[in-house]
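Submitted below is the structure of interest, expressed as structure tokens.
Letters A, B, ... are given to chains in the order of the sequence lines, protein chains preceding strands, and every chain is numbered from 1.
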Amino acid sequence: MEVIVGLAVPLLRENVDTDQIIPAQFLRILTKNGLGRYLFYRWRYDQDGKPKPEFVLNDERFKQATVLLALKNFGIGSSRENAVWALTDYGIKAVIAPSFGDIFYENAVKNGLACIRMDEKLIQQIGREAEAGGLTVRINIKEQSLSYGSQSVHYTMEPSVRRRLMSGEDEIENTMKYENKIMAYEQRMKKFYHVDRKRLLYE
Amino acid sequence: MATTIIEKIWKEHELAVDDDGRSLIYIDRHLTHEVTSPVAFEDLRIRGRKLRRPDLTVAVMDHNVPTGPREEPIRDELSYKQMQALYKNSEDFETMLLDYYSPFQGIIHIIGPELGLTLPGMTLAAGDSHTSTHGALGALAFGIGTSEVEHVFATQTLWLKKPKTMEIKVSGSLRRGVYSKDLALFLIGQLGTGGGIGHILEYTGETIRSMTPDERMTLCNLSTEAGARSSIISPDDKTFNYVRGRAFAPDEDDFNEAVEYWRTLASDPNATYDKSYSFDVSGLKPMVTWGTNPSMVVPVNGSIPSPDQFEASRRPGIEAALKYMGLTPGQAITDIKVDRVFIGSCTNSRLSDLTIAARVVKGRKVSNSVRAMVVPGSQYVKRNAERKGLHSIFLEAGFEWRNAGCSMCIGMNEDQLLPGERAASTTNRNFENRQGPGGRTHLVSPAMAAAAAIEGHFVDITQWDMPEAI
């Protein structure tokens with residue numbers, strides 16, 4: 001994945017925590033598929049399960065949106081990767097925000113969801129243009145650039161994140177190449193960090 | 001060169017650095033639970049991979065388990081399936097499991113320290129953001145997502161970009177009735193929910209040194225609410241005394257050697273940090289959150305703020321929080337009535353927390369308008385509390401005395417707030433709908449929660465008349 005082109009949807013709120021992205025009741029699952037229907041569940045639906053017309057994702061103009069604009073600290077809180085699975089299953093390809101929760105950010109990379117950090121003022125500006133609907137955003141992961149309308153802006157992303165988003169590599173496979181180093185540590189690991197299961201006798 | 005404990009533990013566990021500057025870090029201990037592990041186990045199976053170190057992996061059921069009598073059937077079918085999956089996965093992959101019926105079952109961040117599974121100087125990971133708790137004993141601990149859980153299963157390592165370090169230096173003694181929970185909420189208020197993003201926090205200073213390991217755990221537990229994935233406190237004699245004798249702690253033959261090693265890990269006096277903050281907390285009051293994230297917090301003698309007090313860009317968020325919480329600017333905190341009181345969670349459910357709450361409650365009755373519950377952090381905490389007679393104090397006062405689990409902190413089981421209900425809660429997140437759809441959460445210390453249960457509204461616990469010991 002080198003380029004993401006999609007309709008932008010403004011969700012210009014700060015501190016969108018992962019409990020809001022997907023409530024805990026939808027964590028009682030054994031697979032990661034099909035979580036898009038629970039995305040922003042309590043903001044999207046009322047207590048009877050009817051869509052709330054005032055929530056931006058329920059607006060016809062944004063139904064096909066794939067690029068989410070948000071304010072600072074997006075994805076803070078719970079480590080639940082279900083938040084990322086819900087976003088990607090719904091069809092979101094990129095989230096643009098001034099900052100992201102650390103665990104959410106790593107979860108996103110692992111699932112090919114691009115999290116792009118940008119200055120808040122710029123996001124507000126893009127958000128204003130996106131509000132009317134129909135604003136297409138083009139993100140070039142390789143070039144670290146984002147264009148919309150006649151504007152083009154540069155952002156920065158860690159090389160490792162860029163590489164992984166573009167290659168979609170199996171990271172475990174890659175890590176297994178370090179077997180020698182892992183084994184070397186295991187040989188020198190302090191013996192008192194080992195767990196002797198027999199010790200857990202009832203008081 | 002003077003270095004911090006963070007750098008020392010990092011260096012010891014750093015196996016390689018890749019072209020992009022990420023480090024491959026060995027994980028000495030992996031704690032896992034029924035909710036964030038099933039997909040990771042299933043992926044291992046699909047790809048035909050082994051769990052590399054089942055002996056360093058410990059599984060526990062905590063997030064979705066019922067907290068009623070254990071002999072009752074588990075009614076929630078989805079939770080039951082996740083629990084069944086953990087039975088199967090632990091068996092297939094040969095990890096130790098502390099199941100629903102185990103006498104040592106409990107919240108993952110309570111059982112780690114109390115069983116000696118968490119030790120100073122080790123690296124630890126768990127599929128839960130409150131893994132920052134374990135840093136209280138001088139472990140370098142990381143909350144991780146499910147893909148990372150799978151990575152640790154398969155390789156016993158994590159790829160991590162070396163975080164920046166942040167020192168939080170705290171001086172002054174906390175007055176009577178002010179606890180580490182209040183300190184933590186105060187610090188989150190100062191740093192903001194994102195202040196610690198990209199950082200590992202190290203708490204230093206005389207106030208931290210005088211804290212018990214339990215109090216340090218409450219503090220480190222809440223680091224994640226300031227955005228920090230990890231936090232740590234250099235171990236000292238208090239830490240070593242805490243660890244000594246626990247089930248999986250080094251036995252006596254190895255203990256002195258272990259302590260000798262652990263002492264070398266403490267941050268050097270002249271170590272420097274990417275950021276440093278200092279706070280004098282001698283005047284700190286009990287704290288109460290009023291909004292929908294933990295940084296929205298005021299002292300108990302304060303009042304609900306007005307959106308006008310904030311910069312323009314923040315006002316919509318403040319207004320939304322006040323609306324959700326059903327509060328009006330200017331309202332005194334002590335005038336806020338509560339419907340529910342919850343004492344529990346990985347933040348505040350240790351024996352010391354329950355003891356403080358019991359002192360507040362002893363000889364009094366829960367207000368008629370309040371439903372109050374105590375959910376011990378582990379079955380071990382529960383047994384010890386019962387040995388001290390704390391359960392009788394709670395039961396006589398009208399509290400429910402339940403079994404261990406995450407319970408109403410995360411609202412995955414039947415312990416939930418009803419729409420519009422307002423709770424004084426010793427937990428860690430006051431996010432919208434966190435404790436139940438439409439529920440309203442105020443985060444407080446166990447003492448403050450217990451007093452709110454008695455009076456039916458918030459009170460300043462520093463003015464409370466209570467026995468020094470029970």
Under a 4.5 Å heavy-atom cut-off, does chain B meet the side chain of K190(A), its backbone, both or neither?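 When you check distances to chain B, only side chain atoms of K190(A) fall under 4.5 Å.
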Nearest-0.5 Å distance, CG of residue D17(A) to CZ of residue R429(B):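 That separation rounds to 7.5 Å.
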Measure up the Y178(A) and W159(B) rings against each other and bin them: parallel (under 30°), tilted (30 to 60°), perpendicular (over 60°).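 Correct class here is perpendicular.
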Any salt bridge linking D19(B) with R163(A)? Criterion: basic side-chain nitrogen under 4.0 Å from a carboxylate oxygen.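 Looking at D19(B) and R163(A), the cut-off is not met.
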For K63(A), is the NZ atom crowded, meaning more than 12 foreign heavy atoms sit under 6.0 Å from it?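 For K63(A), atom NZ is crowded (more than 12 foreign heavy atoms under 6.0 Å).
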OG-CZ distance between S129(B) and R80(A), expressed to the nearest 0.5 angstrom: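 Taking OG in S129(B) and CZ in R80(A), the distance rounds to 8.5 Å.
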Given a strict heavy-atom distance threshold of 4.5 Å, which part of E171(A) is in contact with chain B: side chain, backbone, both, or neither?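 Answer is both: backbone and side chain atoms of E171(A) are under 4.5 Å from chain B.
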Is it the backbone or the side chain of R188(A) that comes under 4.5 Å from a heavy atom of chain B, or both, or neither?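 Contact with chain B: side chain only.
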Can you confirm whether K164(B) is buried at NZ, in the sense that more than 12 heavy atoms of other residues, nucleotides or ligands lie under 6.0 Å from that atom?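 Not buried by this count: 12 neighbours or fewer within 6.0 Å.
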Would D43(B) and K32(A) count as a side-chain contact (heavy atoms from CB on, under 4.5 Å) if you check the C-alpha gap in whole Å, the side-chain angles of each, and the deciding distance to 0.1 Å? CA-CA 11 Å; D43(B) 256 29; K32(A) 57 185 166 192; 4.2 Å; yes
Does E77(B) CD have over 12 foreign heavy atoms under 6.0 Å away?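 No, CD of E77(B) has 12 or fewer neighbouring heavy atoms, counting only those of other groups under 6.0 Å.
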Considering only heavy atoms from C-beta outward, does the side chain of N73(A) approach that of I197(B) to under 4.5 Å?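 In short, these two side chains touch, coming nearer than 4.5 Å.
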So which part of N413(B) gets closer than 4.5 Å to some heavy atom of chain A, the side chain, the backbone, both or neither?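 Answer is neither: N413(B) stays 4.5 Å or more from chain A.
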Examine whether an atom of F100(A) lies under 4.5 Å from a heavy atom of chain B, and if so say whether it belongs to the side chain, the backbone or both; otherwise answer neither.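 It is the backbone, since no side chain atom gets that close.
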Enclosure of Q84(B) CD (heavy-atom neighbours >12, cutoff 6.0 Å):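 More than 12 heavy atoms, drawn from other residues, nucleotides or ligands, come within 6.0 Å of this atom.
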Nearest 0.5 Å, please: how far is OH in Y105(A) from CZ in R229(B)?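 Going from CZ on R229(B) over to OH on Y105(A), the span is 12.5 Å.
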Verify, without hydrogens or angle tests, whether R28(A) (side chain) and V35(B) (backbone) share a donor-acceptor contact under 3.5 angstrom.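 Absent.
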Of the backbone (N, CA, C, O) and the side chain (C-beta and beyond), which part of D28(B) lies under 4.5 Å from a heavy atom of chain A, both, or neither?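 Both parts, heavy atoms under 4.5 Å.
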Worked verdict on E150(B) versus K110(A) for salt bridge (charged side-chain N to carboxylate O under 4.0 Å, His left out): CA-CA 11 Å; E150(B) 186 186 348; K110(A) 288 262 202 280; over 6 Å; no
Pairwise side-chain contact, Q25(A) with M412(B), heavy-atom cut-off 4.5 Å (strictly under):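 A side-chain contact under 4.5 Å is absent here.
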Carefully, step by step, assess E12(B) and Y185(A) under the rule side-chain hydrogen bond (donor to acceptor under 3.5 Å, both in side chains). CA-CA 9 Å; E12(B) 174 71 18; Y185(A) 174 85; 5.1 Å; no
Without swapping roles, check the side chain of D19(A) against the backbone of R434(B) for a donor-acceptor pair under 3.5 Å.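 No, D19(A) side chain to R434(B) backbone: no donor-acceptor pair under 3.5 Å.
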Lys/Arg N to Asp/Glu carboxylate O, R49(B) vs E173(A), below 4.0 Å: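 A salt bridge is present here (some side-chain N lies under 4.0 Å from a carboxylate O).
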I need the D102(A) CG to I144(B) CD1 distance, nearest 0.5 Å.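 Separation between the atoms: 14.0 Å.
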Contact class of A154(B) relative to chain A, heavy atoms under 4.5 angstrom: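 For A154(B), backbone and side chain are both near chain A.
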Under 4.5 Å heavy-atom distance to chain B, tell me which part of Q47(A) shows up: side chain, backbone, both or neither.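 For Q47(A), side-chain heavy atoms alone lie under 4.5 Å from chain B.
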Below 4.5 Å, heavy-atom pairs only: which of H194(A), R13(A), E179(A) has the largest tally toward chain B?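 Answer, by heavy-atom pair count under 4.5 Å with chain B: E179(A).
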Minimum side-chain heavy-atom gap F431(B)-T18(A) below 4.5 Å: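 In short, these two side chains do not touch, never coming nearer than 4.5 Å.
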Check whether more than 12 heavy atoms from other residues, nucleotides or ligands sit under 6.0 Å from atom CZ of R138(A), and answer yes or no.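 Counting other residues, nucleotides and ligands, CZ of R138(A) stays at 12 neighbours or fewer.
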For side-chain hydrogen bond (donor to acceptor under 3.5 Å, both in side chains), just list the numbers for S147(B) and E81(A), CA-CA rounded to whole Å, side-chain angles, deciding distance to a tenth of an Å, and then say yes or no. CA-CA 8 Å; S147(B) 294; E81(A) 198 161 317; 2.4 Å; yes
Choice from P294(B), G143(B), G145(B) maximising heavy atom contacts with chain A below 4.5 Å: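 Heavy-atom pair counts peak at G145(B).
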Top contributor to chain A contacts, counting heavy-atom pairs under 4.5 Å, from G121(B), S37(B), G196(B):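 Of G121(B), S37(B), G196(B), G121(B) has the most heavy-atom pairs under 4.5 Å with chain A.
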In terms of heavy-atom proximity below 4.5 Å to chain B, should T31(A) be classed as side chain, backbone, both, or neither?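 Backbone of T31(A) only, per the 4.5 Å heavy-atom cut-off to chain B.
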Check step by step if salt bridge (charged side-chain N to carboxylate O under 4.0 Å, His left out) holds for K191(A) and E257(B). CA-CA 11 Å; K191(A) 63 174 187 267; E257(B) 184 196 326; 3.6 Å; yes
Look at atom CZ of F26(A) and say whether more than 12 heavy atoms of other residues, nucleotides or ligands are closer to it than 6.0 Å.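 Yes, enclosed.
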Can you tell which of L15(B), D18(B), T157(B) makes a side chain to side chain contact (heavy atoms under 4.5 Å, CB included) with T175(A)?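 Result: among L15(B), D18(B), T157(B), T157(B) is the only option passing the side chain to side chain contact (heavy atoms under 4.5 Å, CB included) with T175(A).
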Geometric class of the Y193(A)/W262(B) ring pair [parallel <30°, tilted 30-60°, perpendicular >60°]: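 Ring orientation, 0 to 90° scale: parallel.
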Side chain / backbone / both / neither for A320(B) at chain A, heavy atoms under 4.5 Å: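 For A320(B), no heavy atom lies under 4.5 Å from chain A.
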With a 4.5 angstrom heavy-atom cut-off, which part of N15(A) approaches chain B: side chain, backbone, both or neither?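 Just its side chain gets close to chain B.
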I'd like to know if the side chain of E225(B) reaches the main chain of G77(A), judged simply by a donor and an acceptor atom lying under 3.5 Å from each other, with no hydrogens or angles considered.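 A pair under 3.5 Å: no.
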Please determine if D170(A) and R47(B) form a salt bridge, counting it only when a charged side-chain N lies under 4.0 Å from a carboxylate O.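 The answer is yes: the pair qualifies as a salt bridge.
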With heavy-atom distances below 4.5 Å as the criterion, would you say the side chains of V195(A) and D55(B) are in contact?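 Of all side-chain heavy-atom pairs linking D55(B) with V195(A), none is under 4.5 Å.
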When rounded to the nearest 0.5 angstrom, what distance separates OG in S230(B) from CD1 in I103(A)?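 Rounded to the nearest 0.5 Å, the OG-CD1 separation comes to 10.0 Å.
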How would you list all residue pairs meeting salt bridge (charged side-chain N to carboxylate O under 4.0 Å, His left out) that involve residues 113-127 of chain A, not counting sequence neighbours?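 Applying salt bridge (charged side-chain N to carboxylate O under 4.0 Å, His left out) to every pair that reaches into residues 113-127 of chain A, excluding sequence neighbours, yields R117(A)-E158(A).
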Could you check whether any side-chain heavy atom of L24(B) comes within less than 4.5 Å of a side-chain heavy atom of K181(A), counting everything from C-beta outward?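 With C-beta onward as the side chain, the pair stays apart.
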Are side-chain heavy atoms of D251(B) and R199(A) found at a separation under 4.5 Å?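 Answer yes - side chains close enough.
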Tell me, for P437(B) versus chain A, whether the close heavy atoms (under 4.5 Å) come from the side chain, the backbone, both or neither.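 For P437(B), the contact with chain A is made by backbone and side chain together.
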Okay, side chain of E42(B), backbone of L30(A): is any donor-acceptor separation there less than 3.5 Å?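 No, because the side chain of E42(B) does not come within donor-acceptor range (under 3.5 Å) of the backbone of L30(A).
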Q156(B) side chain to I182(A) main-chain N or O, any donor-acceptor pair under 3.5 Å?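 No: the side chain of Q156(B) does not pair with the backbone of I182(A).
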For the pair Q20(A) and N433(B), evaluate side-chain contact (heavy atoms from CB on, under 4.5 Å) and give the outcome as yes or no after the intermediate values. CA-CA 8 Å; Q20(A) 306 318 313; N433(B) 307 299; 3.9 Å; yes
Check each atom of P54(B) against the heavy atoms of chain A and say whether the ones under 4.5 Å are side chain, backbone, both or neither.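 For P54(B), the contact with chain A is made by backbone and side chain together.
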For chain A, find which of N64(B), V58(B), D76(B), L115(B) contributes the most heavy-atom pairs closer than 4.5 angstrom.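 Option with the greatest count: D76(B).
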Is any side-chain heavy atom of M189(A) closer than 4.5 Å to a side-chain heavy atom of L56(B)?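 In contact.
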Do F192(A) and Y261(B) have side chains that approach each other closer than 4.5 Å (heavy atoms only, starting at C-beta)?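 Yes, their side chains come closer than 4.5 Å.
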